[in-house]
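Have a look at the structure below, then the notes.
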Amino acid sequence: MPLIDFCHIPVSIIKRSEGRSAVAAAAYRSGTKLTNEWDGLTHDYTRKGGVVHAEIMLPAHAPPEFSDRSILWNSVEQIEKARDSQLAREIEAALPRELSREQQLALVRAYVKDNFVDKGMCADFAIHDKGTGNPHVHIMLTVRPLKENGAWGAKCRKAYDLDENGQRIPDGKGGWKNHREDTTDWNDKGNVEIWRAAWAAYTNRALEAAGQPALVDHRSYKRQGIDKIPSVHLGPAASQMEKRGIRTDKGEVNRQIAADNKLLKEIKARITRLYNWSKAEAEKPEGQQPSMMDLWEAQQQLKRPDTRTGKIRALQESAALFSFMQANEIKTMQQLHDKISDMNSSYYDLRGKIVQAERRIAVLTERGEMWAQYNEYKAVHKQLAKVKPEKRELFEQRHSRELILYDAAARYLKELKDSGEKLTPKTWQREIDLLTAQKQVDTIDMKAMREELKAVERLRKAADQLARQERDKSHDRGPER
């Protein structure tokens with residue numbers, strides 16, 4: 001049963017520390033105009049195209065007025081006071097093109113209700129479809145629980161550390177040792193895998209109900225054992241620039257990845273067809289196998305171009321085929337099949353190297369970008385430390401964007417360092433340069449293989465031509481008496 005390509009299901013948090021707001025995100029996703037009462041900014045996306053449906057789903061104990069998008073997300077903005085507050089969670093998923101709009105909507109509603117609303121979250125989802133073959137859904141979810149009376153509850157609570165006897169442990173300062181713990185399990189890292197697996201399961205069920213045999217797999221290409229290169233996440237800024245026709249570094253990376261994937265897919269399909277054909281031919285009785293000389297002569301007759309350019313091209317193709325057969329000492333169909341088997345093994349070796357290089361380059365590039373971002377805004381962060389307390393709030397307001405970007409980069413680099421990685425940007429760049437150079441060599445080898453495949457394909461066409469001629473002769477002779 002064929003698989004629909006790996007469905008990428010990104011799960012992210014909308015954070016104020018990154019300069020984002022839940023109101024702005026909701027306005028964009030739903031294609032509406034909303035004003036954020038927390039900062040006074042109005043976000044108007046009423047001219048945005050492609051929003052075919054937007055809907056809010058609420059748990060039973062949520063205030064009815066939360067069905068108004070503005071009231072819901074402004075309530076979220078107002079309850080979160082900190083500059084680095086987490087405002088909402090977002091899940092994005094591709095919708096099967098095999099389903100009708102009504103079936104897509106039923107799929108989303110069932111998934112959202114069972115996995116989020118029934119757990120106490122408020123959900124705001126929007127289906128986007130610009131008619132370009134990429135229908136998808138954005139699901140925004142609240143991250144703070146609601147009390148039974150409809151008021152917002154606490155995200156976390158203080159819990160005391162206990163000894164082996166269940167008694168509180170003194171902290172030596174007149175108090176007790178304690179820690180923070182979440183009031184819900186919504187932030188559990190294992191949920192991401194659960195939500196992704198659930199989307200695949202619900203989608204497969206919807207496809208089967210619609211009489212469609214295709215299946216969705218939520219696992220990454222790597223976990224499925226597929227050597228396909230995943231694209232890098234553009235992020236809001238780069239995404240908007242690309243939409244306006246401004247080419248970005250991340251966009252260039254994705255375009256190169258798309259080209260690499262296209263090349264890998266093309267060669268895999270061609271080599272598989274030739275492998276199966278040559279295997280079947282080599283297994284025929286010796287007297288029924290076409291000789292290489294017969295195939296060579298037959299391919300010479302395949303096309304006789306009239307133009308000078310066509311004749312030159314035909315001579316070049318014949319020369320390339322002759323060179324291929326001579327260099328590989330191919331005289332029999334078995335030898336041809338052995339050569340294609342070797343090419344098949346070489347293809348998988350090269351593909352593995354190219355995929356690994358792309359993945360590593362993407363990781364190192366992100367590290368380099370965060371290092372540059374950290375250094376770009378470090379001076380503003382240092383200035384903040386020197387500002388007098390009474391002027392600190394004004395400084396933070398004036399330099400909010402720079403401070404947010406600095407904090408994000410600082411957190412990223414700290415997590416990297418805590419994981420045992422050294423912060424060595426020059427070494428990262430050297431490794432990128434080496435990987436890029438090696439990938440270019442491997443890609444050249446892959447393209448050279450494509451040229452060899454063209455030669456084998458000409459032999460196969462010649463074999464098909466000989467087979468047709470033989471059938472025609474048998475038909476002309478009629479049945480033997």
Side-chain angles (χ1 to χ4, degrees), residues 8-16 18-59 62-80 85-96 99-117 120-144 146 152 195 199 233-237 239-240 242-244:
H8 184 48
I9 310 169
V11 179
S12 60
I13 297 292
I14 296 173
K15 306 174 184 178
R16 191 175 282 158
E18 295 176 351
R20 304 182 66 194
S21 82
V23 170
Y28 180 80
R29 305 295 178 258
S30 61
T32 56
K33 179 179 179 180
L34 299 175
T35 298
N36 187 350
E37 297 168 6
W38 187 79
D39 58 15
L41 295 178
T42 296
H43 307 276
D44 187 355
Y45 293 102
T46 52
R47 295 185 180 181
K48 172 181 169 56
V51 181
V52 297
H53 184 88
E55 181 177 328
I56 290 175
M57 298 177 68
L58 303 172
E65 58 267 27
F66 277 6
S67 59
D68 182 307
R69 185 167 285 105
S70 178
I71 293 176
L72 170 62
W73 294 114
N74 268 302
S75 178
V76 167
E77 294 279 359
Q78 294 295 339
I79 195 66
E80 303 297 347
S85 291
Q86 294 187 351
L87 303 169
R89 179 175 284 105
E90 182 178 24
I91 297 176
E92 183 181 348
L95 290 165
L99 300 181
S100 67
R101 182 73 70 228
E102 292 74 17
Q103 291 168 332
Q104 291 174 348
L105 186 54
L107 162 63
V108 174
R109 283 174 176 158
Y111 174 72
V112 170
K113 176 184 179 299
D114 295 347
N115 291 276
F116 308 113
V117 176
M121 303 179 213
C122 301
D124 183 2
F125 74 83
I127 294 177
H128 292 184
D129 189 354
K130 292 184 177 181
T132 57
N134 180 35
H136 57 279
V137 62
H138 293 269
I139 306 168
M140 285 181 61
L141 304 164
T142 51
V143 294
R144 181 181 288 269
L146 285 166
W152 291 113
W195 294 333
W199 176 255
H233 179 60
L234 287 178
S239 181
Q240 288 300 318
E242 288 286 337
K243 287 178 181 178
R244 293 198 298 268

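Hydrogens, waters and symmetry mates play no part in the numbers below; they use all other heavy atoms, side chains included.
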Is [Y] close to [X] at the side-chain level, that is, under 4.5 Å between some pair of heavy atoms?
X: I91; Y: S12; value: no
X: I14; Y: Q86; value: no
X: L107; Y: V137; value: no
X: I127; Y: L105; value: yes
X: E77; Y: S21; value: yes
X: L141; Y: F125; value: no

Approximate separation, where rounding is to 0.5 Å, of [X] [atom1] and [Y] [atom2]:
X: I139; Y: M57; atom1: CD1; atom2: CE; result: 10.0 Å
X: D68; Y: S75; atom1: CG; atom2: OG; result: 11.5 Å
X: L72; Y: C122; atom1: CG; atom2: SG; result: 5.5 Å
X: R20; Y: Y28; atom1: CZ; atom2: OH; result: 11.0 Å
X: W195; Y: F116; atom1: CH2; atom2: CZ; result: 5.5 Å
X: M140; Y: R69; atom1: CE; atom2: CZ; result: 9.0 Å

Where is the tightest heavy-atom contact between [X] and [Y], given as atom of each residue plus distance?
X: G131; Y: D129; result: N-OD1, 2.9 Å
X: A26; Y: D124; result: CB-OD2, 4.0 Å
X: T142; Y: V76; result: CG2-CG2, 4.0 Å
X: S67; Y: I56; result: O-CD1, 3.5 Å

For this session: Examine distances only and state if a side-chain atom of N74 and a backbone atom of T35 form a donor-acceptor pair shorter than 3.5 Å.
Result: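 Judged by distance alone, yes, a pair lies under 3.5 Å.
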
Exercise. Is the NZ or CZ atom of R16 both under 6.0 Å from the centre of the six-membered ring of W38 and within 45° of that ring's axis?
Worked result: yes

Exercise. Y45 ring centre to K33 NZ or CZ under 6.0 Å, with the angle to the axis within 45°?
Worked result: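 No, cation not above the ring by the 6.0 Å, 45° rule.
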
For this session: Kindly indicate, with the supporting measurements, whether the criterion side chain to side chain donor-acceptor pair (under 3.5 Å) is fulfilled by T46 and D44.
Result: CA-CA 6 Å; T46 52; D44 187 355; 2.7 Å; yes

For this session: Please state whether the rings of H136 and H138 are parallel, tilted or perpendicular, taking 30° and 60° as the class boundaries.
Result: perpendicular

